[in-house]
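A quick write-up on the structure given underneath.
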Amino acid sequence: MSMTFTIPRLETDNLILRAPEQSDFETYVAFALDPVRSAGFGTEENRSDAWRWFACNLGHWTLRGYGYFTVEEKVSGKPCGLSGIWAPEGWPEPEIGWVVYEGFEGKGIAFEAAARTREWAYTDLGFTTLTSNIVPGNIRSVALAERLGAAFEREYDNVHMGVEQLYRHPSPADLGIGAS
Amino acid sequence: MTLSLNVPQLETNRLILRVPGAADMPAMLAFLGEDRAEFYGGPMNEHDAWHKFSAYVGQWMLRGYGMYSAVLKDSGDTVGMAGPFHPSHFDEPEMSWLLTDAKFEGRGLAAEACQAVIAHLFSTLGWANVVSYIDKANHGSRKLAERLGAQLDTDRPSPVPNCDSYRHYPQGAVA
């Protein structure tokens, strides 16, 4: 029996969103073990925990049909971050998440990747609403969420991250996307 | 991009062994939430359990091999998992197994699953041997390893604390 599942390849002006590969692991590890950079995403204690998250993300694609893409910068061909839809067991509802790796800030990468991810989720996955969970004090993520049109809805206790602020994105209709 | 994994489904008298998926989730999350999961990092909450199970699934995409889910042919129940677990901090894949519920114990199901997987690793994938790391307090698994013909390997100790290495060899091979 063969098993096939699809992780699409999405494009924007400057980025490619594609399936994570083993060769992307080192760039993710560098991020995940850096407590400052990964504070809003989930810091891992060691390489083996980071590998487990990396494998878990591919499992997430298999189990849910979506997960985090590796975001690749077209001009350099390098992985520059992650963007995707995340909804493990215990999450309040599916969220759009984004991460930009060191050296790639200030280029609008997170906005471009998150907007494309959201469009894909509304158009291809058929989501009718989406959220983003942000750790209080993560000013940059709040600014990006607001730039994406998301609005603060409530604060809640996340099973993995502790207290988080839930932002709700505009609906497909608000964005003029899809049939809904 | 399409990731496709061409994994033959294995079959025994009573079991189908296949790549794990969403159908196995309820049984696995229940197992990892119980005291019976003590040698698998449990008991843990639902989120951590999902994370762990999801990583078992994702390992297949990264390595091309992993732990199969073992499903009873007659009922469709996921009775356990068996296969090579290979996180980044293990130098080699580790033949691992578990039964999801106490009601599946004592029926030879873990042995049946392990024999089929190990035979596949040796005869189809051509592995020369495979190790199992077993906690000194896990008497059930120790007994099963011995029943499977695995031998205590003191030359290559386990990277997992409080565990012994048991090494499986193809039948007839000299250790």
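Proteins come first, then strands; the chains are lettered A, B, ... in the order of their sequence lines, and each starts at number 1.
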| field | Winner by heavy-atom pair count (cut-off under 4.5 Å) against chain A, out of B:E46, B:Q59, B:H51, B:H89 | value | B:H51

| field | Contacting moiety of A:W53, where chain B heavy atoms sit under 4.5 Å | value | both

| Which atoms of B:Y56 approach chain A - backbone, side chain, both or neither, heavy atom under 4.5 Å |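 For B:Y56, there is no contact with chain A at all, as no heavy atom is under 4.5 Å.
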
| query | Can you list the steps and then say if A:E11 with A:R18 is a salt bridge (Lys or Arg N to Asp or Glu O under 4.0 Å)? | reply | CA-CA 9 Å; A:E11 279 201 40; A:R18 59 159 175 81; over 6 Å; no

| Lys/Arg-Asp/Glu bridge criterion (N-O < 4.0 Å) met for A:R64, A:E89 |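 The answer is yes: the pair qualifies as a salt bridge.
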
| field | Cation-pi, A:Y101 ring and A:R37 (6.0 angstrom, 45 degrees) | value |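 Checked: cation-pi criterion not met.
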
| query | Centres of the B:F31 and B:Y40 rings: under 6.0 Å? | reply |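 Ring centres of B:Y40 and B:F31 closer than 6.0 Å.
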
